[in-house]
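Note sheet for the following structure.
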Amino acid sequence: MEFKELFETGMSYGTFLSIASESEIGKIRDISKNIVLSEENIKGLKGIDRDINILVSAESWCPYVRATLPVLYRISEINPKLRLGIITEGRGFMFLAEKLGISDDDYVIPTVAFLDGDYNLIDKYIGKPEKYKTIGFRNISSDFFAGRRSDDIVEEILAKIK
């Protein structure tokens with residue numbers, strides 16, 4: 001399955017929330033309340049003047065997804081050129097992993113493919129920001145899972161799609 005088909009058959013954020021459990025929706029709403037982006041990152045997002053399709057493999061039960069997906073939705077609200085399409089973990093595992101060169105053992109959610117307007121791969125984001133490998137995830141994990149490290153996610157996205 002090609003990127004275009006995966007994206008176009010993906011869910012909206014609203015549909016994603018509609019199939020989540022009440023408990024999961026509550027956690028996502030709590031996280032969403034904590035999302036605050038710096039003016040610099042908002043300006044960077046608004047400055048993107050080309051279409052970017054953000055294809056996300058996600059499930060509402062995953063704490064990494066709950067910390068990341070509301071941020072992706074927020075950036076799509078800030079700049080409509082950043083369009084969001086969500087597929088299940090199963091579809092991601094079956095189709096997206098191979099297209100991104102991720103082995104079965106290394107596939108995690110969220111897995112994100114950033115695609116240009118013609119659905120060509122620009123870059124990918126897997127799990128959590130790469131900078132956490134350097135600073136140590138354990139040091140900031142509670143803030144990440146609470147939605148208070150949203151700028152870390154946006155900074156990495158901006159670096160990948162600019």
Side-chain angles (χ1 to χ4, degrees), residues 3 6-7 10-89 92 96 100 102 107-117 121-162:
F3 284 127
L6 284 169
F7 185 85
M11 295 175 266
S12 68
Y13 187 68
T15 300
F16 177 82
L17 291 177
S18 76
I19 61 174
S21 73
E22 286 298 318
S23 169
E24 293 161 348
I25 292 170
K27 290 175 183 175
I28 291 169
R29 284 190 180 131
D30 289 344
I31 291 164
S32 296
K33 291 175 190 173
N34 292 330
I35 295 173
V36 177
L37 301 180
S38 71
E39 287 301 317
E40 181 181 337
N41 281 338
I42 291 170
K43 183 179 176 183
L45 291 166
K46 287 181 176 180
I48 296 168
D49 62 355
R50 62 185 176 126
D51 291 334
I52 304 286
N53 297 303
I54 304 169
L55 176 62
V56 186
S57 174
E59 296 290 343
S60 56
W61 51 260
C62 176
Y64 292 88
V65 168
R66 291 192 298 252
T68 304
L69 195 55
V71 175
L72 296 175
Y73 178 67
R74 180 75 51 89
I75 69 173
S76 73
E77 289 181 311
I78 291 169
N79 186 337
K81 290 194 169 284
L82 305 170
R83 298 185 328 142
L84 185 59
I86 306 164
I87 59 174
T88 63
E89 178 186 30
L96 193 56
L100 297 178
I102 303 169
Y107 189 80
V108 299
I109 53 175
T111 291
V112 182
F114 299 104
L115 311 168
D116 66 18
L121 181 65
I122 298 169
D123 210 332
K124 60 189 173 191
Y125 171 100
I126 301 169
K128 58 187 180 285
E130 292 176 16
K131 79 184 216 175
Y132 295 167
K133 292 176 185 171
T134 305
I135 66 172
F137 185 61
R138 187 175 260 171
N139 298 330
I140 51 83
S141 62
S142 61
D143 283 341
F144 177 79
F145 291 128
R148 291 187 293 267
R149 300 293 297 208
S150 302
D151 271 327
D152 292 348
I153 297 168
V154 174
E155 287 166 10
E156 183 159 329
I157 290 169
L158 285 170
K160 290 177 180 288
I161 64 176
K162 283 222 161 177

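Not measured: the values here are computed from a predicted model.
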Please report the closest heavy-atom contact between V56 and P110, naming both atoms and the distance.
CG1-CB, 4.2 Å
Just wondering, more than 12 heavy atoms not from K46 lying within 6.0 Å of its NZ?
no
Hey, does the side chain of R66 reach the backbone of S60 with a donor-acceptor pair shorter than 3.5 angstrom?
yes
Rounded to the nearest 0.5 Å, what separates atom CD1 in I54 from atom CG in L72?
5.5 Å
Side chain E59, main chain E89, donor-acceptor under 3.5 Å:
yes
How close do I25 and L17 get, counting heavy atoms only, and between which atoms?
CD1-O, 3.2 Å
Give a yes or no answer on whether the side chain of D151 reaches the backbone of L37 with a donor-acceptor pair at less than 3.5 Å.
no
Relative to the ring of Y132, is the ring of F144 parallel (under 30°), tilted (30 to 60°) or perpendicular (over 60°)?
perpendicular
Can you tell me if E77 has over 12 outside heavy atoms packed within less than 6.0 Å of its CD?
yes
Sidechain N-carboxylate O distance under 4.0 Å for K131, D152
yes
Could you pull out the closest heavy-atom pair between A113 and L100, with the gap in Å?
CB-CD2, 4.2 Å
Under 3.5 Å side-chain donor-acceptor pair for Y107 and S57
yes
Assess whether atom CZ of R138 is packed by more than 12 heavy atoms of other residues, nucleotides or ligands within 6.0 Å.
no
Step by step, would you call V112 with I157 a side chain to side chain contact (heavy atoms under 4.5 Å, CB included)?
CA-CA 10 Å; V112 182; I157 290 169; over 6 Å; no
Whether R149 side chain and I140 backbone form a donor-acceptor pair below 3.5 Å
no
Roughly how far, to the nearest 0.5 Å, is CG of L115 from CG of D123?
10.5 Å
Can you confirm whether more than 12 heavy atoms, excluding those of K162, are under 6.0 Å from its NZ atom?
yes
